[in-house]
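Contents: one structure, followed by commentary.
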2 protein chains.
Amino acid sequence: MPDLLTIGELSARSGVAPSALRYYERLGLIRADRTGGNQRRYARAELRRVAFIRISQQVGVSLDEIREALDSLPEARTPSPQDWARLSASWRSRLDERIRLLTKLRDDLDGCIGCGCLSLQRCTLNNPEDTLAGEGPGARLVLPRPTDDPTLAGSLS
Amino acid sequence: MPDLLTIGELSARSGVAPSALRYYERLGLIRADRTGGNQRRYARAELRRVAFIRISQQVGVSLDEIREALDSLPEARTPSPQDWARLSASWRSRLDERIRLLTKLRDDLDGCIGCGCLSLQRCTLNNPEDTLAGEGPGARLVLPRPTDDPTLAGSLS
DNA sequence: CCTTGAGTTGAAGTGCACTTCAACTCACAC
DNA sequence: GTGTGAGTTGAAGTGCACTTCAACTCAAGG
């Protein structure tokens, strides 16, 4: 019934490199039992955690926030489908927002392709929220700072 | 008619930190004339280049690729609206693809919230392209590697 | 028993996109 | 002329998400 996975097996199943799995463990995102010889053995439930981690990353959430989310899971029992649903749902608005922003960017880009602008005059690309008055002449570009959004910033890093 | 901008002015107008502008210059993304005292002076046209850079980053393009795109602009003359339109349009399919992926992720997440799964069985979240057969039992998770996409990997860095 | 592939560790390295720092110089208003 | 805020440089540092490495141990088949 335990049916534990080695790190190689979890890696193959999850598509996540062993080094990344060890890294996740260091950050407290997943956990493993150990054999007498100190090797990791993962419960099958860890597969779901890894799945959640990868999905969350696609939503643009940092590992730190993912850890916080995972910390909210009950420790006493194996998380239920409802537990996972709750966590997944918590990213929903973030995902919506990212989709909205990208869609707006696309439409604006279409408009600008039409008008050939990319200029600093009244183009919504350069004045996204129409909030530029009162800070001297000239419009601001795009988003003031991409610092916080890994999706858009490239660092995206 | 020249009407050159200092780095502080370009920074204020573009919303990009002076240190980032110098960094862009090192990478060959923008250029500046120099005063007798070695200070940078930017032609107004550089504002469009910076606008293009920030927009491109939001699309999820790396600075390296942005540089390549900018290199395709004519050197002899100031880029025309059509030049900028061509470059912007070149990101379009990428933007579409990113929007498509995120929308799919959202819908899948909705489905999984409904079914409460996040399991490794037949859930499209875990088997995005239905391309898992032939590599042993068990499904793969999500995307095999997030390595190449700064949008999804968490790095806009 | 022995080989071999898989696993272990901590420390260091990578790539990207910047930022910070120290030490110095410019440009401009008064 | 002088003070001050803005600008200059190269080198080093940052944050994130990992990967790589060297040196070593484990586990399982023959």
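Below, each value reflects all heavy atoms present in this structure, side chains not excepted, and no hydrogens, waters or symmetry copies. Residue numbers start from 1 in every chain, and the chains themselves are labelled A, B, ... in the order their sequence lines are given, proteins ahead of strands.
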Between the protein and nucleotides 2-4 of chain D, list the N/O to N/O atom pairs that are separated by less than 3.5 angstrom.
none

Closest to the side chain of B/Thr6, out of C/dC18, D/dG7, C/dA17, is D/dG7

Anything under 3.5 Å between a donor and an acceptor, one on a side chain of residues 32-41 of chain B, the other on a protein residue two or more places apart or in another chain? List them.
unit_1  : atom_1 : unit_2  : atom_2 : d
B/Asp33 : OD1    : B/Arg31 : NH2    : 2.8
B/Arg34 : NH1    : B/Asn38 : O      : 2.9
B/Arg34 : NH1    : B/Asn38 : OD1    : 3.2
B/Thr35 : OG1    : B/Gly37 : N      : 3.2
B/Thr35 : OG1    : B/Asn38 : N      : 3.4
B/Thr35 : OG1    : B/Gln39 : N      : 3.0
B/Arg40 : NE     : B/Glu25 : OE1    : 2.6

- Message: For A/Trp91 and A/Phe52, take the angle between the two ring planes, folded into 0 to 90°, and tell me which bin it lands in: parallel under 30, tilted 30 to 60, perpendicular over 60.
- Response: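 The arrangement is parallel - the two ring planes meet at less than 30°.
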
Residue set satisfying side-chain contact (heavy atoms from CB on, under 4.5 Å) with B/Asp107, at least two apart, ordered chain then number -> B/Thr103

For B/Arg26, the side-chain contact (heavy atoms from CB on, under 4.5 Å) test, sequence neighbours excluded, returns B/Tyr23

Readout for nucleotides 20-30 of chain C: B = base within 4.0 Å of protein heavy atom, S = sugar-phosphate only, - = neither; 5' to 3' it is B-----SS---

B/Arg100/B/Asp96 salt bridge by N-O under 4.0 Å criterion |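 The answer is no: the pair does not qualify as a salt bridge.
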
Exercise. What pairs with A/Arg94 under side chain to side chain donor-acceptor pair (under 3.5 Å), at least two apart in sequence or on another chain?
Worked result: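 Only A/Glu65 meet the side chain to side chain donor-acceptor pair (under 3.5 Å) criterion with A/Arg94.
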
Strictly below 4.0 Å: does [X] bring a side-chain N or O up to OP1 or OP2 of [N]?
X	N	result
A/Tyr24	D/dC18	yes
A/Arg26	C/dT8	no
A/Arg40	C/dG7	no
B/Tyr23	C/dC16	no

